[in-house]
Amino acid sequence: MSRYPFNEIEPKWQKYWEEHKTFRAVEDESIPAEKRRYVLDMFPYPSGAGLHVGHPEGYTATDIYSRYLRMKGYNVLHPMGFDSFGLPAENYAIKTGTHPWETTNKNINTFRRQIKSLGFSYDWDREVSTCEPDYYHWTQWIFEKLYEKGLAYEAVTPINWCPSCKTGLANEEVKEGRCERCGEKVEKKNIRQWMLRITAYADKLLEGLDELDWPESVKTMQRNWIGRSEGAAVFFTVDGTGDKLEVYTTRCDTLFGATYMVIAPEHPLVSKLTSPEQKEAVDKYLDEVKHKSDLERTDLAKEKTGVFSGSYAINPVNGKRIPIWIADYVLISYGTGAIMAVPAHDTRDWEFAKKFNLPIIEVLKGKVDVQEEAWTEDGIHVNSEWLDGLNKEDAIRKMLEFLEKNGYGHKAVNYKLRDWVFSRQRYWGEPIPLIHCPHCGTVLVPEDELPLRLPEVDKYEPTGTGESPLANVDSWVNCKCPKCGGDAKRETNTMPQWAGSCWYYLRYIDPHNDKAFVDPEKEKYWMPVDLYVGGAEHAVLHLLYSRFWHKVLYDLGLVSTSEPFHSLVNQGMITSFAYQKANKSLVPTDLVEEHDGKYFDKETGEELTQVIAKMSKSLKNVINPDDFIKNYGADSVRMYEMFMGPLRESKPWATNGFIGVYRFLDRIWRIATEKKIEDIALNPELDKLLNKTIKKVTEDTETLAFNTAISQMMVFVNELNRLDTVPKKAMETLTLLLSPYTPHLAEELWVMFGHEPSVALEKWPEYDEAKTVDDEIEIVVQINGKVRAKMLMPREASKDEMLEKAKSNEKILGWTEGKTIIKEIVVPGKLVNIVVK
RNA sequence: GCGAGAGUGGUGAAACUGGUAUACACGCUAGUCUUAGGAACUAGUACUUCGGUGUGCGGGUUCGAGUCCCGCCUCUCGCACCA
């Protein structure tokens, strides 16, 4: 009876919004630029598991914000779509033979239904899906722009290779060095790949961060990922052969302490540098390294391994012969794949030198004996001939002069950032629009032939050679060269999942345009994205790749802003409770029972500790929002997710608090339907509370502090609930404040109070600042910083008045009697502190 | 190991620039009412030897610290030998 009929209200209003296209965004030129906002969610990958409670958290936040902005008179672009190419659908296809298209669209339909059931104010006319030819047409087109600009190139690079499945694997398919599917040990295999030269944009990507309103933590992570460092390239001559071995170092000033060199096992000079006597040992070592998993190779705690190549290099500063070693602690992917080792001042070099008995020479005066441990902090140079006595800066400067003058090296900048491996040997991705012609070389598919559609295939497995399944489709692979008309073959690699998500925010602006990826006028109208909300897991890769593409498009004059996302908010992860045994292992939730507030293992009866853990399938603690929507309504789910805690912080999904939010909405419903609502004036106190509430909700909605905005609405509703007759104005204002949060309930109430729909198009209420402050304030009186008395005073009371009243307070007199007052501190409107001795 | 973030009641959490620690909600206790529901309403709910003590622990700055500084501990996330 008292239960408010959300199951009737919610579908009704969702239908209304859809039919009336209430949230359609139109490029209305009469709305000035400062009154336009683009509010974006990270679009979901439509997995088979459906929506999980983490999705609606971010989506509700942006929805509340978008609805609030519209009521404030902004023109808001708030779209949704699907990142629909990807591994799971393809793996499912391999297993079952179901076309990924079918699986994906089924999942998209589920996702769309679930998202719509929460009543978000998306402009659904702008929905995009990255696997649609109309969409990937333009992903391919942008790739062609990158290619024309010289930012795409071919290289031979290693992939994870499963010798038993005969396929390449993504990093996430490799679990502890083994293939996730068959358990076979994963190897490295070199194959031809398409690369994107993101490193050419390293400095731009770095500098661009300064102008962004992003969390400092994300900016720091991106800066570290780009990893710019300044140092020197130094050339060592190989003794005997005259080959040049180039190293990169940030501390060229320690060159006198370089007692050996190390090259990575993958270094191109390995075989040339290996002497006949050492060949057997080197081959054995290379074989060991090849069979090591990434995990083994990168385990920091492991013993250093390596082998002597048999060759020596000449240290350019002193002409000394130093041995060249091969070791896997040097990475081919960073710097030049070769280092000069300074064991006295680098922990890794020191460990290696100790193990293989290589000389350690101190060149920076430190506080330890470098034969016993490495000194890795700064010090004055010693044992360095003409650098002795200098500090780091001066020594580096002097050494660089020396290197440059003698042609031994030069200043150099290095990045941790590597070029982006852009091809995948997979079916379910955008075909790379290139043709290999024996006469003309690599040729782009002509623009008017785009989109280059994915052909149908019989099998979704990669070919035994690791090529994409597309390689098996002769009719597709064999084509004519667009340049010379001769026989040619298509590129069979596809693009990674990132490709589609790199630019989707631009397609939302003009999703049905078949002449361009986006209309320049419309692009100017909406860009940049004003607020982008999503999970912190995308802090580096997605956001860096997107920024890269955007900057390329900007340099080509195709977009009007140099950065795509002006402000970014990472929603905290919604975690779940998990149950832990004494031995720290976790028990799946369905095997846990609760009594008397304690948790026990159903099988063993062991008492378990409740801990917080990431939601995972294996723990069976993933929460699907559907059940909650069914039992409590979408408005409750929306509001609860916002009431749980601050948006940016991670928090556990603790369902026992859910009922509180439901009761709150139910209470509003009962006030509206069971109490007398009359057109009467608000009493001054209620009026004051109303103004305070508008103020608090306005400010908190603006700053995305939704949890405290909701608290304030609760305070207000609790007050209304005490009245027998409720002023209509109070209820109407409440409805307006509620409408971004619980839009269905608000629409229903708005009509109930005699208005026309939709409340979403009404004006946000305003408050009277004068009515938000109390005339009388409670002033705290402290003795030595401890609260000893409280008194009510007019808010404009002067310091003297406050002090006088405090000192004449009975309680305070008891504390000051017989003591000396040393100091008196008066904070107007707040407190009086009297320091006594 | 490095980087980022967080520790406040039985629970989720409030506390803007240092100024009444625990708003709001859950749970719990008692009561009222009832066509017994996952109801509504009212009161209470940090500890206490009633002096005080309390925001992970130990110090410091200050008239005053959850908030600032130093040193630890624990947890979460990200990255992995970056020369």
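Protein chains get the first letters and strands the later ones, always in sequence-line order, with residue 1 at the start of each. The basis for the numbers below is simple: all heavy atoms, side chains too, and nothing from hydrogens, waters or symmetry mates.
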Do [X] and [Y] get their side chains close enough for a donor-acceptor pair, meaning under 3.5 Å?
X	Y	result
A:Tyr329	A:Thr305	no
A:Arg667	A:Asn718	yes
A:Thr708	A:Asp700	yes
A:Asp203	A:Tyr415	yes

Using OP1 and OP2 only, check whether a side-chain N or O of [X] sits under 4.0 Å from [N].
X	N	answer
A:Lys830	B:G19	no
A:Asn833	B:G19	no
A:Tyr334	B:A83	yes
A:Arg648	B:A6	no
A:Arg667	B:A40	no
A:Asn721	B:C41	yes
A:Arg788	B:U20	no
A:Arg348	B:G1	no
A:Asn718	B:A25	yes

Tell which nucleotide pairs with [N], taking only Watson-Crick or G-U wobble pairs whose two distances are both under 3.5 angstrom.
N	value
B:G5	B:C75
B:A43	B:U29
B:A36	none
B:U49	none
B:A21	none
B:U61	none
B:G66	none

>> Salt bridge or not between A:Lys675 and A:Asp724? Use side-chain N to carboxylate O under 4.0 Å.
In response: no
>> With a 4.0 Å cut-off on N to O distance, would you call A:Glu817 and A:Lys819 a salt bridge?
In response: no
At 4.0 Å (heavy atoms only), tell me whether [X] reaches a base, stays on the sugar-phosphate, or touches nothing.
X	value
A:Tyr415	nothing
A:Glu699	nothing
A:Lys786	sugar-phosphate
A:Gln712	nothing
A:Pro646	sugar-phosphate

How close or far is atom [atom2] of [N] from atom [atom1] of [X], stated in whole angstroms?
X	N	atom1	atom2	result
A:Ile779	B:G64	CD1	C1'	16 Å
A:Met642	B:C24	CE	P	22 Å
A:Arg228	B:A83	CZ	P	14 Å
A:Leu792	B:U20	CG	P	16 Å
A:Phe716	B:A23	CZ	P	21 Å

> Nearest nucleotide by nearest heavy atom, which residue falls closer to the 5' end of RNA chain B, A:Tyr640 or A:Asn414?
Replying inline: A:Tyr640
> With nearest nucleotides of RNA chain B determined for A:Asp346 and A:Arg722 from heavy-atom distances, which residue corresponds to the more 5′ nucleotide?
Replying inline: A:Arg722
>> Can you tell me whether the base of B:G9 sits syn or anti, using the 90° cut around 0 to define syn?
In response: syn
> Where does B:G60 land, syn or anti, once you apply the within-90°-of-0 test for syn?
Replying inline: anti
Would you measure the distance from the [atom1] atom in [N] across to the matching atom in [M] and give it in whole Å?
N	M	atom1	value
B:A40	B:U34	C1'	9 Å
B:G60	B:U49	P	29 Å
B:C26	B:C33	P	23 Å

> Which value, rounded to the nearest 0.5 Å, describes the distance between A:Gln222 atom CD and A:Arg547 atom CZ?
Replying inline: 5.0 Å
